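Quick one: this structure, given as structure tokens, is what I'll be asking you about.
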Amino acid sequence: MTMSKLNKVLMISLLVICTLWLVVPFTMAVLWSLVDPSQPWTADKLLPPAMSFYRWIDMWQNSSLKSALFTSYALAPSAAVLCLLLAAPTAFALGRFKFPGREVAKTLCLLPLVVPPFITSIFFSSVLFQLGFTGWRFGAILFAHAVLFLPYAIRILTVSFEQVRQEHIDAARDLGASHWARFRVAYLPALKPGIFAALLIVFIQSIEEFAIAFIVGSPSIVTIPTLLFSALGQDFVRPNAAVLSLILVVPNVILMLVLEWLLKSANPTLSSGKG
Amino acid sequence: MVAIRIDELTKQFEAFTALAKLSLEVEQEEFVTLLGPSGCGKTTLLKLISGFLDPTEGTIHINGKDVTRTPPEARDTALCFQSYALFPHLTVRENLEFGPRQKRISAHDRKARVDDVAEKLSLHAQMDKLPNQLSGGQQQRVSLGRALVMRPSVILFDEPLSNLDAKLRDQVRIEIRRIQKEYGLTAIYVTHDQNEALAMSDRVVVLNGGRVEQIDTPEALYHAPKTRFVADFIGDANVFSGTVQGEVQPGLWRVETAMGTYDVATSTPPKEKDVDLCWRPESAVLGDAGHTGKVINRAFQGHFTDLMIETKGVSYRVQSRATSAQEGDTVNISIPPEQLILLERTA
Amino acid sequence: MSARKWLLIAALLTPGLGLILVLIGTVVYIAVAQSFGFYTITGESGFTTQFWSDMIGRKLFSRSINYSIYVGVLSAIFSVALAYPLALWLRKPFAGSMAIGAVLKAPLLIPGLVAAFLFINIISYNGIVNQLIQWLGFSDAPIRMQNDSNAIGVLILQTWKNLPFALLLLTGAVRGISDEVLDAARDLGAGTWARFSKVIAPLTVSGMQASLVIIFIGAVSDFSFQVIAGPTNLQSMSQLMVTFKDRGDWNSAAVVGVSLMMIALIGSALMAIGARLMLRRRLT
């Protein structure tokens with residue numbers, strides 16, 4: 001009985017902290033984004049004296065937000081697809097073949113995660129300089145994103161490939177299925193959730209990636225994170241930064257929820273037959 | 001002397017009563033088994049004694065001291081877990097030393113105790129291995145050893161043999177009993193296996209639905225079960241509902257059942273007219289007299305033959321050492337009056 | 001295995017693992033080479049230790065190293081220290097535990113830059129915290145909390161961002177310990193602290209090491225939290241590296257970069273070994 005009482009107290013205190021932790025910051029951000037420039041929001045007022053969507057409209061019309069949105073949302077899906085294509089053969093090898101050095105290969109795949117991002121981005125741009133390849137910055141960022149987020153895609157797809165059941169492949173063969181039919185009936189059902197999860201996670205990572213976009217892209221390429229960074233830095237206007245923060249975070253949260261749901265629903269589709 | 005005294009112990013999980021007003025006394029150095037089907041409350045009782053659960057009502061005394069609200073880490077009990085629960089990151093020696101370290105026993109004493117237990121359980125060759133390098137039987141011995149080094153007032157066993165294969169089970173069973181006697185330990189042993197209970201215990205507590213059905217020696221449980229549940233649960237039994245007709249001779253009562261009449265020898269007269277009548281399949285005598293029935297199934301089992309016989313639409317089981325009866329044959333069976341048992345009718 | 005199969009596997013690994021090795025390998029190679037004077041973009045290229053000896057003598061550099069290590073170590077320790085009790089609390093599901101887990105993991109969804117903005121928004125000169133302080137009468141004038149010289153703001157942000165990650169790893173590890181093992185420890189006389197230090201911590205040490213190392217590497221090379229919320233008189237190593245690069249001094253940037261990589265490597269090894277040693281000593 002005391003245990004459940006303790007749990008209740010802990011839970012309430014935690015909820016209070018979380019409110020402070022999440023609800024207050026976001027409410028503040030929303031309020032700041034709605035401040036009308038006609039009357040400044042001074043410290044002595046609980047709510048902004050005048051509220052409007054002026055900042056949102058202004059940002060949309062008079063800043064590089066449009067081009068940043070375009071760049072980010074062109075970059076992320078391309079990086080996701082490219083990353084998936086690059087990851088698939090490696091994941092297939094790691095998931096379907098037993099070979100000496102397999103564990104080492106799996107560990108090496110994690111390398112991009114342990115090298116600090118600013119080192120990667122600065123010296124990647126240095127390499128580009130050395131090669132004289134400075135023309136297509138968008139392409140350089142795309143390439144870097146696709147390779148740097150490979151660890152996620154390889155990990156997820158390797159697990160998916162491991163879950164493809166040999167009996168299903170054998171059964172399909174036994175029943176005379178062609179290569180394509182075998183892939184559709186035995187591989188695809190097991191791979192599908194992994195493919196979506198990998199695409200989504202690379203998409204999200206790419207959307208919010210800052211170091212590469214900032215170092216390799218500057219000054220010509222602007223993504224939402226780099227735009228937000230400059231809004232927080234040299235030309236700090238709080239309401240504008242609030243607008244950008246919300247634009248960056250809201251799609252992110254929605255996509256993450258989709259991802260969570262995907263990963264949860266991934267298991268039942270694989271549970272056919274005995275384990 | 002009484003080692004454990006349990007008074008009217010009740011445990012409720014919200015609306016569900018896991019244990020209802022259970023009372024039990026266990027003598028010093030006694031080996032008592034808690035026996036029953038899953039969900040009967042035996043594990044709940046063990047957890048109450050070891051302190052992992054708090055009773056809703058009632059008290060527990062160990063060696064005269066009230067420990068009802070004492071947490072498990074401060075209780076003088078040691079538990080052998082079903083899964084052994086060895087610490088996977090510690091060697092056998094470190095596992096054995098874990099308890100004495102917690103009790104701040106001096107290094108010298110600790111070593112003496114661990115060596116003594118290792119000797120008695122022949123664990124010397126395994127002392128520096130990790131649990132996952134041991135066989136099931138060895139892990140079981142380490143788990144027993146870890147409890148023994150605590151020199152507890154009471155040692156508790158939670159189905160310790162259920163993860164061993166059949167051959168090893170007999171061996172470990174004998175070993176547990178030997179160690180218990182050597183150390184003079186008071187032991188409470190939980191199992192759902194009636195053979196284990198009968199073979200090991202001084203006394204057996206048969207539990208059903210959170211209540212005690214019967215507390216008795218293994219012999220008494222088998223030969224004189226008090227309830228239909230006990231008769232059914234321990235060994236094979238044929239049980240029929242019947243009505244007492246009256247005393248035909250001093251100490252001999254006539255009972256009418258669906259398959260015919262029986263004369264039952266009993267020193268305690270039945271309290272009610274409606275009774276359950278029970279006999280063991282091996283008590284039946286195949287001969288010329290008695291109830292006539294038809295063999296509907298025959299299974300040769302080696303040292304006996306198992307027959308299913310039907311009389312007046314009632315089927316029952318008979319075990320005979322020498323019979324040539326085949327399926328479809330008509331046979332006569334009789335049961336000696338002293339082998340018939342009258343059971344209390346339970347609701 | 002036949003040569004043919006090896007060839008197949010090598011071909012399959014090339015676009016994924018191969019590209020990773022090429023990219024990371026080139027990046028590390030260029031960084032090391034530039035730090036020793038090669039590949040200079042303007043001026044002469046050739047082996048020299050000049051950039052190293054110049055850099056090591058500079059106060060800016062040593063202050064930056066100390067500061068980055070300070071942020072890295074403390075962020076890793078704070079995140080793990082906070083995540084452990086939460087992971088233990090959430091080990092067994094109870095009514096509401098899912099909701100709490102979700103709320104605790106929410107920072108994973110929020111990009112670091114947004115987190116930094118939300119944070120400075122709250123502690124800024126006319127933010128809600130200052131309003132509250134004035135309203136409660138603790139102080140007449142707003143207090144300056146942004147860019148504090150002890151980098152408390154950066155530590156709070158790092159912990160906020162990394163706690164969910166440590167929680168994720170540790171919850172998995174803690175759930176892997178069976179109830180019976182914990183009960184056994186209790187039965188043998190282990191109290192709450194002994195159960196944690198002698199059973200739970202050693203059994204989850206790999207999860208703890210992984211969280212410490214990954215959080216350390218992330219925090220030691222922090223750039224955005226430092227620039228937005230960190231002390232203005234100090235530079236983190238990433239920040240210093242970017243400063244040099246912006247000046248076109250690639251060789252000096254490379255010296256800082258290589259130092260940062262070495263600190264990340266050595267630091268993570270030390271943290272991993274330290275965690276294990278500390279537990280080992282407790283046991284015997």
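Quick caveat, the model's predicted, so the values are computed rather than measured.
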**Study point:** Heavy-atom closest pair, residues B/Lys103 and C/Gly189
**Key:**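 Result for this residue pair: NZ-CA, 4.1 Å.
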Review point. Hey, what do you get for CG (B/Leu96) to CG (C/Leu188), rounding to the nearest 0.5 Å?
Key: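 Going from the CG atom of B/Leu96 to the CG atom of C/Leu188 covers 10.0 Å.
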Review point. Are more than 12 heavy atoms from other residues, nucleotides or ligands located less than 6.0 Å from atom NZ of B/Lys47?
Key: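 Not buried by this count: 12 neighbours or fewer within 6.0 Å.
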Review point. Can you tell me if NE2 on B/His124 sees more than 12 non-hydrogen neighbours from other groups inside 6.0 Å?
Key: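 It does: B/His124 NE2 has more than 12 such atoms within range.
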Review point. If you round to the nearest 0.5 Å, how far is CG of B/Leu79 from CD of C/Glu180?
Key: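 CG of B/Leu79 is found 8.0 Å from CD of C/Glu180.
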Point to revise | Segment of B/Leu86 engaging chain C (4.5 angstrom heavy-atom cut-off) | key: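 The answer is the backbone of B/Leu86.
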Review point. Between C/Asp183, C/Asp179, C/Ile177, C/Leu182, which shows the greatest number of heavy-atom pairs under 4.5 Å with chain B?
Key: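 Counting heavy-atom pairs under 4.5 Å, the top option is C/Asp183.
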Check your understanding: Measuring heavy-atom distances to chain C, does B/Gln82 have an atom under 4.5 Å in its side chain, in its backbone, in both, or in neither?
Key ->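 For B/Gln82, the contact with chain C is made by backbone and side chain together.
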**Study point:** Residue B/Ala78 versus chain C: region with a heavy atom under 4.5 Å
**Key:**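 The answer is both parts of B/Ala78.
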Exercise for review: Taking all non-hydrogen atoms of both residues into account, name the closest pair between B/His89 and C/Leu203 and its distance.
Suggested key: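 For B/His89 and C/Leu203, the tightest heavy-atom pair comes out as ND1-CD2, 3.4 Å.
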Exercise for review: Kindly check if the number of other-residue, nucleotide or ligand heavy atoms within 6.0 Å of CD (B/Glu182) is above 12?
Suggested key: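 Counting neighbours around CD of B/Glu182, more than 12 heavy atoms of other residues, nucleotides or ligands fall under 6.0 Å, so yes.
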**Study point:** Residue pairs fulfilling ring pair (Phe, Tyr, Trp, His ring centres under 6.0 Å) with at least one residue in residues 22-48 of chain B, sequence neighbours excluded
**Key:**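 Every ring pair (Phe, Tyr, Trp, His ring centres under 6.0 Å) pair that includes a residue of residues 22-48 of chain B, provided the two are not neighbours, is B/Phe31-B/Tyr189.
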Practice item. Please tell me if the side chains of C/Lys198 and B/Phe87 come closer than 4.5 Å, counting only heavy atoms from C-beta onward. Key: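 C/Lys198 does not reach B/Phe87 side chain to side chain.
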Check your understanding: Picking from C/Ala185, C/Ser178, C/Ala194, which has the most non-hydrogen pairs under 4.5 angstrom with chain B?
Key ->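 Answer, by heavy-atom pair count under 4.5 Å with chain B: C/Ala185.
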**Study point:** Residue pair C/Asp187 / B/Thr77: nearest heavy atoms and the distance that separates them
**Key:**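 Minimum heavy-atom contact is OD1-O, 3.7 Å.
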**Study point:** Closest approach of B/Glu73 to C/Gly191 (non-hydrogen atoms, all atoms of both residues)
**Key:**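 Looking at all heavy atoms of both residues, the shortest contact is OE2-CA, 4.3 Å.
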Point to revise | Atom CZ of C/Arg4: over 12 foreign heavy atoms under 6.0 Å | key: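 No, CZ of C/Arg4 has 12 or fewer neighbouring heavy atoms, counting only those of other groups under 6.0 Å.
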Point to revise | Least distance between heavy atoms, C/Ala190 atom then B/Gln102 atom | key: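 Heavy atoms of C/Ala190 and B/Gln102 come nearest at CA-OE1, 3.6 Å.
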